[in-house]
There are 2 protein chains.
Amino acid sequence: MNFEPELCQVDDALDIIVGKWKPIILLYLLKNGTMRFSELKRSIPDITQKMLTKHLRELEEEYIIDRVVYPQVPPKVEYSITDYGRTLEPILVSMHEWGLKHQQYKQQKQMEKASTAE
Amino acid sequence: MNFEPELCQVDDALDIIVGKWKPIILLYLLKNGTMRFSELKRSIPDITQKMLTKHLRELEEEYIIDRVVYPQVPPKVEYSITDYGRTLEPILVSMHEWGLKHQQYKQQKQMEKASTAE
DNA sequence: CGGCATCCCTTTTGATACTG
DNA sequence: CAGTATCAAAAGGGATGCCG
């Protein structure tokens, strides 16, 4: 580490990717590039329209995604990851990989605990 | 990306580092290795004892830090980062660096917006 | 010194109904 | 289709007091 904890800007990055459904929204847009609102909704069945709208607005506010409205009936709105948004990809991939290893590590630790408890 | 959004384990990593004071606690322990409770409290003036205790317990639960109690009066408790906990360091450093760049990027974008608004 | 217990406030998320 | 509005529940966090 070459920075002081007092100057920590980790929270600025966290603010953008934290939110119950934000990581999965980001991963879908990173994978597909562009998706319609309804397409995202179908891909993430348990999310409510309210939360999907809210998270998309917040990501747009931070320049991570673009929102394009096609003025037609019925409405069509497309969301796409920006080039800038793609700079988050390595971090998300690292966290995914760390998360996978952590599951294994916890299982191992808990088995150790169970065997010494006998 | 070589994984499907449905299999996303980003949240497992996020769960561990998310919390109002968790990043700064982790950065102090990564920097110093071992610190006493009161030492952490002094280093992070605005944190309450309750939140410091809570976050430390959660990090211990995930094997990120160790907690050693010295049975003496007055009590002495030392917290240290585990070897396993250190595997989080690259992710925290990446997020810190991304956070720094993001501040600059936002400023630039907002200046662009201000100049076109004239 | 290093906690824990209690009460309270704020923020986040969810359920549901309605709309251009 | 892609939202908004409203109400309610849950989670996160803070202030304070007490304790071995």
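Values below: all heavy atoms of this structure, side chains included; hydrogens, waters and symmetry mates excluded. Chain identifiers are assigned alphabetically (A, B, ...) following the order of the sequence lines, protein sequences preceding nucleic acid strands; residue numbering begins at 1 within each chain.
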> Could you state the interatomic distance from CZ (A:Arg67) to OG (A:Ser80), rounded to the nearest 0.5 Å?
Replying inline: 12.0 Å

> Does the side chain of B:His102 pick up a donor-acceptor pair with the side chain of A:Glu62 at under 3.5 Å?
Replying inline: yes

> Counting any heavy atom closer than 4.0 Å, what does A:Arg67 reach on the DNA or RNA strands: base, sugar-phosphate only, or nothing?
Replying inline: sugar-phosphate

>> What I'd like to find out is whether the side chain of A:Tyr79 reaches to under 4.5 Å of the side chain of A:Ile25, using heavy atoms alone.
In response: no

> OP1 or OP2 of C:dC1 less than 4.0 angstrom from a side-chain nitrogen or oxygen of B:Arg36, does that happen here?
Replying inline: no

> When you match A:Lys50 and A:Val69 each to their closest nucleotide on DNA chain D, which lands nearer the 5' end?
Replying inline: A:Val69

> Quick one: B:Gln49 CD to C:dA5 C1', roughly how many Å, whole number?
Replying inline: 13 Å

> Base, sugar-phosphate, or nothing: which does A:Lys76 touch, judged by heavy atoms less than 4.0 Å apart?
Replying inline: sugar-phosphate

> Roughly how many Å is it from NZ in A:Lys22 to C1' in C:dT12, rounded to a whole number?
Replying inline: 11 Å

>> Under 4.0 Å from OP1 or OP2 of D:dT4: is there any side-chain N or O of A:Arg57 that close?
In response: yes

>> Give me the atom names and distance for the closest heavy-atom approach of B:Leu56 to B:Ile65.
In response: O-CD1, 3.4 Å

> Do the side-chain N or O atoms of A:Tyr79 get closer than 4.0 angstrom to the phosphate oxygens (OP1, OP2) of D:dC1?
Replying inline: no

>> Nearest whole Å is fine: how far is D:dC1 P from A:Leu40 CG?
In response: 14 Å

> Which part of the nucleic acid, if any, lies within contact of A:Tyr70, taking any heavy atom under 4.0 Å across all strands shown: a base, the sugar-phosphate backbone alone, or nothing?
Replying inline: nothing

> To the nearest angstrom, how far is A:His55 atom NE2 from D:dA2 atom C1'?
Replying inline: 17 Å

> Taking only N and O in the side chain of A:Lys20, is any of them less than 4.0 Å away from OP1 or OP2 of C:dG14?
Replying inline: yes

> Between atom NZ in B:Lys54 and atom C1' in C:dT6, what is the gap in whole Å?
Replying inline: 16 Å

> Closest nucleotide of DNA chain C for A:Asp46 versus for A:Pro74: which of these residues is on the 5' side?
Replying inline: A:Asp46

>> Distance check needed: C:dG3 P versus B:Leu56 CG, whole Å only.
In response: 8 Å

> To the side chain of B:Phe37, which of C:dG3, C:dT13, D:dG13 is closest?
Replying inline: C:dG3

> Any idea which of D:dA2, D:dA15, C:dT13 is nearest the A:Ser38 side chain?
Replying inline: D:dA2

>> Whether A:Glu58 and A:Lys54 form a salt bridge (side-chain N of Lys/Arg under 4.0 Å from carboxylate O of Asp/Glu) is what I want to check.
In response: yes

> How many angstroms lie between atom CD1 of B:Ile91 and atom CG of A:Leu92, to the nearest 0.5 angstrom?
Replying inline: 10.0 Å

> Atom CD of B:Glu58 to atom P of D:dG13: distance rounded to whole Å?
Replying inline: 8 Å

>> On the nucleotide D:dG14, are OP1 or OP2 found under 4.0 Å from the side-chain N or O atoms that B:Trp21 carries?
In response: yes

> For B:Ile47 and D:dT16, what is the distance between atoms CD1 and P respectively, to the nearest whole Å?
Replying inline: 17 Å

> Can you tell which of C:dG2, D:dC1, D:dG13 lies closest to the side chain of A:Pro75?
Replying inline: D:dC1

